[in-house]
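Each chain gets a letter, A, B and so on, in the order the sequences are listed, and its residues count up from 1.
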Amino acid sequence: MLEIKFVRQNLSLIEEALKNRNTTADLDVFQQCDAERREILAQVEALRYRRNQVSQQIAEMKKAGKNTDDLVKEMREVGESIKGLEKNLAKLDETLSSFLIRIPNIPHSSTPVGKDEKDNQVVRVVGEPPRFDFEIKAHWDIGGSLKILDFERAARIAGARFPLYFGAGARLERALINFMLDLHTIRHGYTEVLPPFIVNRGTITNTGQLPKFEEDLFKLEGWDFFLIPTAEVPVTNIHQNEILDEDVLPVYYVAFTPCFRSEAGSHGKDTRGLIRQHQFNKVELVKFSRPETSYEELETLTMNAETVLRELELPYRVISLCTGDLGFSAAKTYDLEVWMPAQGVYREISSCSNFEDFQARRGNIRFRRKGKKGTELVHTLNGSGLAVGRTVAAILENYQLADGSVKIPEVLKAYMGGIEKIQDENR
RNA sequence: GGAGAGAUGGCCGAGUCGGCUGAAGGCGCUCGCCUGCUAAGCGAGUGUGGGGAGAAAUCUCCACCGAGGGUUCGAAUCCCUCUCUCUCCGCCA
């Protein structure tokens, strides 16, 4: 959420940002409500001032044994007026906050301006797509013939877009989770957290998934609870309504969680394989930083996520999302895209964003500088490190061999009980 | 699920029969003083959000004592609802 004062003073900047994001909002209505609210506020405060003064006077007069009937009667009327104005005020507050909470973040100046994903900028390309001298298969075919992935049975258990892993496939998923957590905790200095997978409405509003994107979420029927679409939601909210000590910053958290997404509006997209599932696993990096260092933190966070791909020796590229493709709460986002040989394309496997103070304002996450008065909002950042299902898919495709087996990446061997490759175990 | 206790400022903790309590006291923190260092000591300051004035330091007003509602001229204090925490019992793991 943006600060109301900021919006008031930067209407043209907001208008520009909205345009770059291919969206609009009724700024006139905002301006009108805002002005009206401040006027009524002034009236209410004047009346409350009067009431406070007189109430004190009544107390003194009573102590002195004087009659206060007239004043009490007058104050009764003042009280009524206050109540009436407060009602108007509440209505305007409601209008204003529902307006503000639907305004996306302002893109950072380094975010490229553009309409859609075609205008995203390639920042760097790392690694060479492997060459194959045999007919390569898509990961769902590899998984099927190795009997480590079974989407048909998954569909019977739950429905379309759910995963079911067996044997070495299940272990590969678990190996990746452990590898990623170890890498980020031991080498990159993140603190591991295991958060709730179900969160309340306030929490998921703070990170920006609500109120605008409720249809993308799974909601528990009869409860105001939601399945998390990403660990970003519970982990960013760890410090909601807290004032952090300056010297604990920056705070680094890494969390493994399953993620649940309704994928509303993506019918027919990526229907096969592990790419787009209602449930998938993800290791997520979350940072809380001082405002002045958040863009450096974004670079290192992105690099931390990239390290997973480098260690796994998977070819990838880094994309800077343009304004039209940027997420609601983000000011700047790098996507990591891994090479998927069967489709011959780079696919998103991580998204690393700086939200600046946008989420912190909603979640009321602040810090205090030593020797300075008052508090400041922290900046929040997060990035996948990485989406595990998509990593499995990338490994299956990039490490496939002519005989239909799949080589285990060097760094994962220890996590896979020392096996060299996954082959049909004739389970 | 049953019974009880509680929720106050960065933290701990006091608030009498409703009225100079935005809130005692302590800790922490900041600035200054002092002892050649350190520890201790002394003095002053130190909540958040919003409105208004001012170039600024600052001043002033309003709101906030878990959340929401009510009573009252006036509520941290009384009443109702909700949320959360703790203790005991039951149940399950």
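Atom CZ of A/Arg366 and atom P of B/rG9 are 12 Å apart (whole Å). In this entry the distance linking CD1 of A/Ile40 with P of B/rG52 reads 15 Å, nearest Å. Per the geometry, NZ belonging to A/Lys73 stands 16 Å off P belonging to B/rU72, to the nearest Å. Going from atom CG of A/Asp34 over to atom P of B/rG50 covers 13 Å, rounded to whole Å.
Sorted by first and then second residue, the salt bridge (Lys or Arg N to Asp or Glu O under 4.0 Å) pairs involving residues 281-309 of chain A (not counting sequence neighbours) are A/Arg124-A/Glu306, A/Glu246-A/Arg290, A/Lys282-A/Glu284, A/Lys287-A/Glu297, A/Glu292-A/Arg369, A/Glu306-A/Arg310. Within the structure, no pair that satisfies the ring pair (Phe, Tyr, Trp, His ring centres under 6.0 Å) test touches residues 36-72 of chain A, not counting sequence neighbours.
Looking at residues 46-53 of chain A, you'll see A/Arg48, A/Tyr49, A/Arg51, A/Asn52 sit with a heavy atom under 4.0 Å from some atom of RNA chain B. Contacts of residues 56-66 of chain A with RNA chain B (heavy atom under 4.0 Å): A/Ile58, A/Ala59, A/Glu60, A/Lys62. Scanning residues 75-84 of chain A for heavy-atom distances under 4.0 Å to RNA chain B yields A/Met75, A/Arg76, A/Lys83.
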Please tabulate the protein-to-nucleotide N/O contacts below 3.5 Å involving nucleotides 65-68 of chain B, giving atom names and distances.
none

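Among residues two or more places apart in sequence or in another chain, the side-chain contact (heavy atoms from CB on, under 4.5 Å) test is passed with A/Glu311 by A/Phe179, A/Arg187, A/Thr307, A/Val411. By the side-chain contact (heavy atoms from CB on, under 4.5 Å) test, A/Glu60 is found to be paired with A/Gln56, residues two or more places apart in sequence or in another chain being considered. Residues forming a side-chain contact (heavy atoms from CB on, under 4.5 Å) with A/Asn22 (at least two apart in sequence, or on another chain): A/Lys115. In terms of the side-chain contact (heavy atoms from CB on, under 4.5 Å) criterion, residue partners of A/Ile238 (sequence neighbours excluded) are, by chain and number, A/Val193, A/Val235, A/Tyr253.
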In residues 2-14 of chain A, what donor-acceptor pairs under 3.5 Å come from side-chain atoms, sequence neighbours left out?
| residue | atom | partner | partner atom | Å |
| --- | --- | --- | --- | --- |
| A/Arg8 | NE | A/Asp34 | OD2 | 2.7 |
| A/Arg8 | NH2 | A/Asp34 | OD1 | 3.1 |
| A/Asn10 | ND2 | A/Phe6 | O | 2.8 |

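B/rC64 and B/rG22 are spaced 11 Å apart, taking the P atom of each and rounding to whole Å.
Looking at heavy-atom distances under 4.0 Å, A/Arg8 makes contact with sugar-phosphate atoms alone, never a base.
Between A/Phe328 and A/Phe213, the ring planes are perpendicular. Angles over 60° get that label, and only those under 30° would be called parallel. Taking the six-membered ring where tryptophan is involved, the planes of A/His188 and A/Tyr190 are perpendicular, since the angle between them exceeds 60° and thus also 30°.
Note on A/Arg261 versus A/Asp216: no salt bridge recorded, every NZ/NE/NH1/NH2 to OD/OE distance being 4.0 Å or above. By the 4.0 Å N-to-carboxylate-O rule, A/Glu420 lies close enough to A/Lys413 to be salt-bridged with it.
Using a 4.0 Å cut-off, some side-chain N or O of A/Thr375 falls inside it from OP1 or OP2 of B/rG49. Put simply, A/Arg368 has no side-chain N or O that comes within less than 4.0 Å of OP1 or OP2 on B/rG47.
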A correct dot-bracket answer for RNA chain B, with pairs being Watson-Crick or G-U at under 3.5 Å, [ ] for crossing pairs and | for inter-strand pairs, is (((((((..(((......[.....)))((((((.......))))))(((((((....))))))).(((((..]....))))))))))))....
Decide yes or no on ring pair (Phe, Tyr, Trp, His ring centres under 6.0 Å) for A/His379 and A/Tyr295, but give the supporting numbers first. CA-CA 10 Å; A/His379 280 193; A/Tyr295 279 91; 7.4 Å; no
